[in-house]
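Structure first, then comments.
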Amino acid sequence: MPNVIVCYKWVLDEQDISVNENTLELNLSRAKSKISDYDRNAIEAGARLVERFGGKLTALSYGTSDVKSSLKDTLSRGPEAVYWIGDATATKADAYVTANVLAAAIKQIGSFDIVICAEGSADQYSQQVGPRLAALLGAAAVTFANQLDWADGQLVAHRKLENSIEVLRTDAPVVASVLPEINEARIPALKQVLAAGKKPMTELKISDLQLDAAKLQPKNKVDKIKGAVFNRKNIIFKESNAAENVSKLLDCLKKESVV
Amino acid sequence: MSEIWIYSETPVVAAQLLPCANNLAYDDTTISVFLTTTTDAETLINSGADSVRILIPTDGRPESCVPVLAEKIRAENPLAVLFGGTCRGKEVAARCAALLDAGLVSDALAIRKEAGCIETDRMVYGGLAVATEILTAPALIVVSPVLLASPEPDDTRLCSVTREDVAGDGTITVKETIAIARTGADLSKADKIVCVGRGVAKREDLEMVYKLAELIEAEVSCTRAVNEYQWFPPESYIGISGFKVNPTLYLSFGVSGQVQHLSGIRDSKIIVAVDSNEKAPVFTAADYGIVGDLYEVIPLLISALQD
């Protein structure tokens with residue numbers, strides 16, 4: 001029966017982020033947080049594994065102190081316990097720092113058979129933390145999985161590449177990163193939401209993780225983050241007469257030689 | 001004397017990274033390409049590599065070369081390592097970075113040499129914003145495939161080719177490889193694309209969309225939301241987690257334009273949007289648009305194009 005740890009990230013909802021049209025600065029002040037969309041599928045993948053094959057599912061997250069707000073939501077999705085690290089270093093953490101912190105936390109939590117991550121996070125989408133964790137933990141790496149099974153004490157994964165699916169089999173310990181298509185994440189029922197509050201939530205302090213200061217320093221310096229610009233012509237026809245709009249549009253497209 | 005390295009298990013992807021490596025090179029910089037197959041090594045030589053170094057994974061898994069590749073990066077200290085942005089390439093890059101205690105930029109859209117440093121741009125927040133990062137050595141970068149065109153070959157070039165075998169650790173075994181049957185069109189190569197969004201109410205309505213697409217010789221695709229209706233082959237939608245396209249003409253109907261979708265179409269030459277909601281974000285990303293009912297607009301377009 002596999003002992004499974006799923007990692008997730010509490011991210012700003014990009015739908016709430018606005019871009020100043022003149023300065024291209026991002027306004028994050030109105031953004032609410034959410035469990036990263038892809039991580040909902042990762043948590044679901046862990047929940048389904050233990051529902052089918054037994055074992056135990058634990059969740060783990062590293063973020064700022066705000067990550068505390070995510071714990072009940074996470075626990076209502078299947079994990080029986082959650083560990084969290086709320087630390088200011090997370091504001092500037094890149095995939096290097098995040099993987100260092102998560103790997104140290106996993107060592108502290110104890111042994112595991114499978115660590116599950118999403119393919120990437122909804123905010124940074126670096127697609128690095130899963131395979132980095134495998135390297136740091138000395139575990140097998142399985143990336144881009146769209147199916148996970150546990151058979152005879154081994155993980156069997158379908159890994160989706162550009163033109164083929166590889167069926168992989170590996171001994172534990174293994175770190176698997178999963179694609180969002182692996183499942184449809186459940187919407188927690190009221191009963192699960194209520195039960196979530198009674199499950200254990202454990203805070204880990206970064207100072208207890210025995211990490212060198214250098215491991216908490218991001219490697220690449222973020223120079224700036226600016227709203228993506230679409231330099232387009234923005235010629236929009238909005239007369240009430242649809243036929244007129246269509247003929248104007250076709251005139252333009254003919255001039256562009258695309259029809 | 002400095003070196004820039006390229007790694008890809010796919011030779012054609014490695015060749016596409018050569019112009020990118022050249023942009024970062026100084027006069028005395030040599031460019032080495034690491035492959036995991038002997039196939040097409042010549043193409044790389046002809047396309048501008050100074051040396052081709054082939055690592056042959058004896059278990060057949062390119063990923064098994066990670067410890068050896070990471071050790072070579074540590075020992076020889078190249079200025080930058082560019083990894084081809086395939087699934088396997090992304091895994092290899094991330095595991096190498098972890099073994100080297102190094103940073104890594106994923107899916108860089110632009111790479112520049114700036115005041116002795118390497119600077120990259122990449123999308124964050126689902127394509128809403130672009131992050132510019134200044135890299136510390138060794139600069140490890142996964143290069144997004146949309147950036148790339150293959151260089152012109154020159155078959156008079158000479159370069160050295162070395163080859164070594166690399167044994168895997170035997171942890172992972174590949175039981176089976178199943179080819180993915182592509183039922184839909186190859187959107188990444190399409191010259192014209194018609195895209196349907198949630199504004200298209202029923203599957204039957206696709207008939208008029210296909211009719212229009214046929215008239216302008218376009219492929220038909222959809223947004224991630226519509227992909228969930230299963231009207232199209234699975235996973236054939238356009239967006240940051242799906243296909244990134246660069247057609248001459250992209251024409252959308254009933255697409256609102258979430259950032260994740262827009263970042264998949266931003267390399268299109270001409271973007272045209274038709275939607276009933278004047279405030280739909282797709283219009284900010286469009287060259288031309290019609291605010292109106294697609295059920296009125298499509299038949300009008302069809303009859304005008306038939307004349």
Side-chain angles (χ1 to χ4, degrees), chain A residues 14 17 19 26 94-96 99 122-128 131-132 134-136 140-144 160-171 180-181 218-228 230 232-238 242-243 245-247 249-250 252-253 256 258-259, chain B residues 63 86-88 90-91 94-95 97-99 102-106 119 123-136 171-180 216 235 241 248-249 259 263 266 270-272 278 283-293 296-297 300-301 304-305:
Chain A
E14 71 284 349
I17 300 174
V19 177
L26 302 190
D94 57 2
Y96 166 76
D123 55 354
Q124 292 293 321
Y125 200 61
S126 295
Q127 301 182 284
Q128 295 178 24
R132 274 183 185 269
L136 296 175
V142 171
T143 49
F144 304 101
K160 191 177 174 193
L161 302 172
E162 282 79 6
N163 296 310
S164 62
I165 289 172
E166 275 187 344
V167 184
L168 304 176
R169 184 180 265 273
T170 177
D171 286 327
E181 68 182 72
K219 285 290 178 183
N220 295 328
K221 183 173 166 277
V222 178
D223 185 42
K224 54 180 185 257
I225 297 180
K226 293 273 186 183
F230 288 94
R232 294 287 173 177
K233 299 191 179 81
N234 300 130
I235 300 171
I236 311 298
F237 305 108
K238 43 191 173 189
N245 290 336
V246 166
S247 103
L249 174 67
L250 283 174
C252 295
L253 297 185
E256 300 272 9
V258 288
V259 294
Chain B
E63 295 84 349
T86 58
C87 295
R88 291 187 199 279
K90 288 175 182 176
E91 177 185 320
R95 287 171 54 201
L99 292 176
L104 170 66
V105 174
S106 310
E119 219 180 74
M123 295 282 190
V124 292
Y125 296 119
L128 180 76
V130 175
T132 301
E133 288 167 84
I134 301 167
L135 277 54
T136 48
T171 324
I172 294 183
T173 48
V174 180
K175 289 290 160 199
E176 197 183 346
T177 304
I178 307 159
I180 298 175
I216 60 170
E235 302 303 308
S241 58
T248 326
L249 175 65
V259 288
S263 67
R266 61 179 296 129
I270 300 287
I271 294 177
V272 181
E278 189 178 344
F283 289 119
T284 64
D287 293 294
Y288 303 100
I290 292 179
V291 177
D293 181 356
E296 225 179 316
V297 172
L300 284 167
L301 278 169
L305 288 163

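The sequence lines fix the lettering, A, B, ..., with proteins before strands; numbering per chain opens at 1.
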Structural part of [X] lying under 4.5 Å from a heavy atom of chain B:
| X | answer |
| --- | --- |
| A:Pro218 | neither |
| A:Leu168 | both |
| A:Val246 | both |
| A:Ala134 | neither |
| A:Leu249 | side chain |
| A:Phe230 | both |
| A:Ile17 | both |

NZ or CZ of A:Lys219 within 45° of A:Tyr96 ring axis and under 6.0 Å: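 Cation-pi check for A:Lys219 and A:Tyr96: passes.
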Nearest-0.5 Å distance that lies between atom CG in A:Asp223 and atom CD in B:Glu119: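 One gets 5.5 Å once the value is rounded to the nearest 0.5 Å.
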Less than 4.5 Å to any heavy atom of chain A: does that hold for the side chain of [X], its backbone, both, or neither?
| X | answer |
| --- | --- |
| B:Val105 | both |
| B:Ile216 | side chain |
| B:Glu176 | both |

